[in-house]
Amino acid sequence: MICLGIESTAHTFGASVSELTSEPVSFRIISDCKDVYKAPQGAGIHPREASRHHEETCSGVVENALASAKTGMNEIDFIAYSAGPGLGPCLRVGAVVARSLASYFCKQIVPVNHAIGHIELGKLLLGLDDPLVLLISGGHTVITARSAEGWRIFGETLDLTVGQLLDQLGRHFGMSSPAGPKIEALASQLNGQADVVGMLPYTIKGNDVSYSGLLSSSKDAFSKGISQESVCFSVQEVAFALLTEATERALAFTDKAELLVTGGVAANQRLSGMLKDMCGSRGVKLGVIPRQYSGDCGSQIAAAGFLFYNDGQSVPVNKAFTRQSWRIDRVNLPRSKFG
Ligand code: AMP
Ligand code: MG
């Protein structure tokens, strides 16, 4: 079964041709193409500018995905698109592309929750069955696992996501977004403990984390003359220690034997090092999504698309919706693993 997955929640317009075979279950990404909107230096994503970028690049990206897969629309069984959560104008471009292709080529269409996409792609690529998930990206900071009723949340951010923390700090330094990789590179130049770590607030309430105070204090430390390298090192230490602590508690509570780390921030080596130590001491299998697929991409939408398509959750073209705010614990779970 072959799916065309379309992603357009924020900065990325992506398209992927992916295949799922059921016996034995095997998932294959045949092509994964994308074009990423670049915000001006020091600025964040402007929803209208990002959607304009998607309008200009969408047909080329879809054509490339089909051409690199050496296939055409006739060979596609169904189309999955990211219906939310995300920026309204950006979501609409992906939905329009999906609806147009579906009605012209008479294909079924499956709306996908973007967060479930990050998770399902990670599970399929890493061969995980029932993991606790740490989803950390520009749009999410959440610890979640599947229960009988749906995706249940065992911890989340109370304000900024960890991606927003890093991107907003980077913008303060005049970097362009996404700033995570630049902050990681600066932090790694510092060997050892920076003395600013202890000055930054470590805020965890129950199993929820808060990053707004950490962001203001990091900016403050920089304005008082602490070097960018020290601030980057320190902010990573505090932000990632918070995530590791909350994740360890959720592992103890749920008794899960696997941890999946997915989303753009999963690419960070310092974070995966902390999680590796924690999982090692608990005997938990750690799966970190490969860097190439950690950020937003069409393959994640195809991966989740298979789950919902096989469960009969395709919709008529005129019912293909977008939803800017769509929490993972509000998603209807498929009745079984592969329908
Ligand atoms: P996504 O929303 O899943 O595309 O993820 C994008 C987010 O991941 C942005 O906030 C980036 O700054 C962040 N990111 C990407 N690479 C890294 C990295 N190596 N370390 C920390 N954050 C990263
Ligand atoms: Mg994402």
Side-chain angles (χ1 to χ4, degrees), residues 5-14 16 32 34-39 41-45 47 50 54 81-87 90-91 94 112-122 133-142 144 157 160-173 175-189 211 214-215 218 232-240 242-244 260-275 288-301 303-304 324 326-328:
I6 294 173
E7 157 59 26
S8 75
T9 51
H11 40 63
T12 300
F13 188 91
S16 157
D32 185 272
K34 60 170 81 167
D35 203 301
V36 181
Y37 160 76
K38 297 264 180 297
Q41 194 135 346
I45 302 177
H54 294 354
Y81 72 99
S82 50
L87 303 171
C90 298
L91 288 172
V112 164
N113 177 288
H114 175 89
I116 305 274
H118 275 298
I119 296 172
E120 289 306 318
L121 181 61
V133 177
L134 174 62
L135 170 56
I136 38 176
S137 65
H140 288 89
T141 293
V142 65
T144 182
T157 178
L160 302 175
T161 66
V162 65
Q164 285 168 335
L165 165 73
L166 299 173
D167 292 343
Q168 289 190 27
L169 181 63
R171 292 216 290 277
H172 187 70
F173 292 153
M175 298 168 182
S176 54
S177 285
K182 294 161 204 137
I183 288 180
E184 179 175 19
L186 279 176
S188 68
Q189 288 173 19
Y211 287 134
L214 178 56
L215 177 62
S218 306
C232 292
F233 174 88
S234 306
V235 83
Q236 283 202 161
E237 294 302 298
V238 175
F240 298 161
L242 281 167
L243 289 177
T244 307
L260 166 65
V261 189
T262 187
V265 185
N268 190 287
Q269 298 292 306
R270 177 60 183 141
L271 173 62
S272 48
M274 284 188 191
L275 292 169
V288 180
I289 191 149
R291 181 178 281 259
Q292 186 188 356
Y293 297 111
S294 61
D296 295 348
C297 59
S299 308
Q300 74 185 91
I301 305 306
Q324 291 188 59
W326 190 11
R327 280 174 65 88
I328 196 168

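For the single chain, residues carry numbers from 1 onward in sequence order. When a ligand or atom number is given, it counts from 1 through the structure's own listing order.
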J.: For the Mg ion (ligand 2), which protein N/O/S atoms are closer than 2.8 Å?
T.: His114 NE2, His118 NE2, Asp296 OD1

J.: Is there a donor-acceptor pair under 3.5 Å between the side chain of Asp296 and the backbone N or O of Gly14?
T.: no

J.: Which heavy atom of Tyr211 sits nearest to which heavy atom of Leu160, and what is that distance?
T.: CD1-O, 3.5 Å

J.: Check side chain to side chain donor-acceptor pair (under 3.5 Å) between Ser299 and all other residues, then give those that pass, not counting sequence neighbours.
T.: Ser16, Asp32

J.: I'd like to know if the side chain of His54 and the backbone of Ala50 have a donor-acceptor N/O pair within less than 3.5 Å.
T.: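 Yes: the side chain of His54 pairs with the backbone of Ala50.
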
J.: With sequence neighbours excluded, what pairs up with Arg327 under the salt bridge (Lys or Arg N to Asp or Glu O under 4.0 Å) test?
T.: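 Result, salt bridge (Lys or Arg N to Asp or Glu O under 4.0 Å) vs Arg327: Glu156, Asp329.
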
J.: Which parts of the protein, at residue level, reach under 4.0 Å of ligand 1 through a heavy atom?
T.: His11, His118, Ser137, Gly138, Gly163, Leu166, Asp167, Pro178, Ala179, Gly180, Pro181, Glu184, Gly264, Val265, Ala267, Asn268, Ser294, Gly295, Asp296

J.: Roughly how far apart are Thr157 OG1 and Ile136 CD1, rounded to 0.5 Å?
T.: 12.0 Å

J.: Are the side chains of Leu215 and Leu169 in contact, using a 4.5 Å heavy-atom criterion?
T.: yes

J.: So do the side chains of Leu134 and Leu260 get within less than 4.5 Å of each other, counting heavy atoms only?
T.: no

J.: Would you check if Leu121 and Cys297 make a side-chain contact, meaning some heavy-atom pair closer than 4.5 Å?
T.: yes

